[in-house]
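Computed from a predicted model, the values in this text were never measured in an experiment.
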Amino acid sequence: GAEGENLGVQPPRRAMELAEQAGLDLVEISPNANPPVCKIMDFGKFKYEQQKRESEARKKQKIIEVKEIKFRPGTDTHDYDVKMRNV
């Protein structure tokens with residue numbers, strides 16, 4: 001239902017009518033389940049929240065950055081230490 005309660009197995013036509021009466025959309029949550037699982041909700045709000053979750057997950061990802069330094073045979077040990085500290 002519109003408040004999130006479980007209405008059990010419903011024929012598609014009846015589910016569409018219930019969603020229309022509530023002024024919301026019938027959103028398929030799990031199409032591969034048997035029978036398919038649907039929810040009566042605002043689809044625009046659902047997409048927005050899904051987008052927010054995805055962007056939050058991207059923020060938490062750790063990006064590994066590879067840095068490159070060139071050393072020549074004449075590089076002094078102090079210069080070597082300074083370059084290593086900056087890395």
Backbone N or O of Gly8 within a donor-acceptor pair of the Asn6 side chain at under 3.5 Å? yes
Asp42 (side chain) donor-acceptor with Leu24 (main chain) under 3.5 angstrom: no
Any chain of hydrophobic side-chain contacts (each under 4.5 Å) joining Leu7 to Met16? yes
Scanning both residues in full, the closest heavy-atom pair of Cys38 with Glu28 reads SG-CA, 3.8 Å
Looking only at heavy atoms, what is the nearest atom pair of Leu26 and Ala19, with distance? N-CB, 3.9 Å
For the CD atom on Gln51, are there more than 12 heavy atoms of other groups (residues, nucleotides or ligands in this structure) within a distance under 6.0 Å? no
Give a yes or no on this: more than 12 heavy atoms of other residues, nucleotides or ligands lie within 6.0 Å of atom CE of Met41. yes
Checking Gln21 now: which residues fulfil side chain to side chain contact (heavy atoms under 4.5 Å, CB included) with it, not counting sequence neighbours? Leu18
Just verifying a value: how many Å separate Ser55 OG and Lys60 NZ, rounded to the nearest 0.5 Å? 10.5 Å
With a 4.5 Å limit on heavy-atom distance, are the side chains of Glu20 and Asp25 in contact? no
